[in-house]
Amino acid sequence: MVTNATSLGKSGLSDWMIQRVSAVILGVYFICVLSFFLTNPDLSYADWKDYMGSAYMKIFTFIALVSLAGHAWVGMWTVSTDYLTERQLGSIATPLRIVFQLGTILVAVVYVLWGAMIIWSA
């Protein structure tokens, strides 16, 4: 079993579970938002603001945002470790992979913080 300091879980099984659980959370979130749109054909900004401003939707949106970041991290970590290898790129692979992974972490953290500011500021 391969473990890496930059993987989100401690093992491949943990990463697999993070990927699957986050996918389910994102799917349920999408269905909730879509069903709100479909059941409110004359949707106004006030209705949308009330729906998204409710405590349960703020919490659910934040959980979905964190799930999206975790899902993206596991996926991009997998891509980087599978394709940015010394076999394919030579000696530049490891520094390139580290920069790619750090960039991915930075983007994910910025998106979660920015999203949290948006969600909880209203």
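The basis for the numbers below is simple: all heavy atoms, side chains too, and nothing from hydrogens, waters or symmetry mates. Since this is a predicted model, take the numbers as computed values, not measurements.
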> Any chance you could measure Leu65, atom CG, to Ile25, atom CD1, to the nearest 0.5 Å?
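CD1 of Ile25 is found 12.0 Å from CG of Leu65.
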> What's the separation between atom CD1 in Ile119 and atom CD1 in Ile59, rounded to the nearest 0.5 Å?
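Answer for the CD1-CD1 pair, Ile119 versus Ile59, is 10.5 Å.
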> Got a second to check how far Trp77's CH2 is from Phe100's CZ, nearest 0.5 Å?
12.5 Å
> Restricting to non-hydrogen atoms, name the atom on Thr81 and the atom on Thr78 that form the minimum distance, rounded to 0.1 Å.
OG1-O, 3.2 Å
> Measure the spacing between CH2 of Trp73 and OG of Ser22 and express it to the nearest 0.5 Å.
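So the CH2 of Trp73 and the OG of Ser22 are separated by 14.0 Å.
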> Would you say Val99 and Val79 are hydrophobically clustered, going by side-chain heavy atoms of ILVMFWY under 4.5 Å?
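No, no single cluster joins them.
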> Nearest heavy-atom pair of Asp42 and Asp47: which atoms, and what distance?
O-OD2, 4.1 Å
> Quick check: closest heavy atoms across Ala64 and Leu26, and the distance to 0.1 Å?
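Closest approach of Ala64 to Leu26, heavy atoms only: O-CD2, 3.3 Å.
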> So if you build clusters from Ile, Leu, Val, Met, Phe, Trp, Tyr with side-chain heavy-atom gaps below 4.5 Å, do Ile31 and Tyr56 land together?
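No; tracing contacts between hydrophobic side chains, which count when under 4.5 Å, never links both residues.
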> First locate atom OH of Tyr29, then atom CG of Leu34, and finally report the distance between them rounded to the nearest 0.5 Å.
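So the gap between those two atoms works out to 12.0 Å.
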> Show the nearest heavy-atom pair for residues Tyr51 and Ser54, with the distance to one decimal.
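Between these two residues, the closest heavy atoms are O-OG, 2.9 Å.
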> Taking all atoms of both residues into account, what is the closest heavy-atom pair of Thr85 and Arg97, and its distance?
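What the structure gives for the nearest pair is CA-NH1, 4.1 Å.
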> Kindly work out whether a path of hydrophobic side-chain contacts (I/L/V/M/F/W/Y, heavy atoms less than 4.5 Å apart) joins Val24 to Val33.
yes
> Looking at every non-hydrogen atom in both residues, tell me the closest pair between Gln88 and Tyr83 and how far apart they are.
OE1-O, 2.5 Å
> Evaluate the ring planes of Trp48 and Phe36, with Trp represented by its six-membered ring, and classify them as parallel (under 30°), tilted (30 to 60°) or perpendicular (over 60°).
tilted
> I'd like to know if Met52 and Val28 are part of one continuous hydrophobic network [Ile/Leu/Val/Met/Phe/Trp/Tyr, side-chain heavy atoms within less than 4.5 Å].
yes
> Quick one: NZ on Lys58 to CD1 on Ile63, what's the gap to the nearest 0.5 Å?
14.5 Å
> Does Phe62 have more than 12 heavy atoms from other residues, nucleotides or ligands lying within 6.0 Å of its CZ?
no
> Look at the side-chain heavy atoms of Ile, Leu, Val, Met, Phe, Trp and Tyr, link any pair under 4.5 Å apart, and say whether Leu96 and Leu102 land in one connected group.
no
> Would you say OH of Tyr45 has more than 12 non-hydrogen atoms from neighbouring residues, nucleotides or ligands within 6.0 angstrom?
no
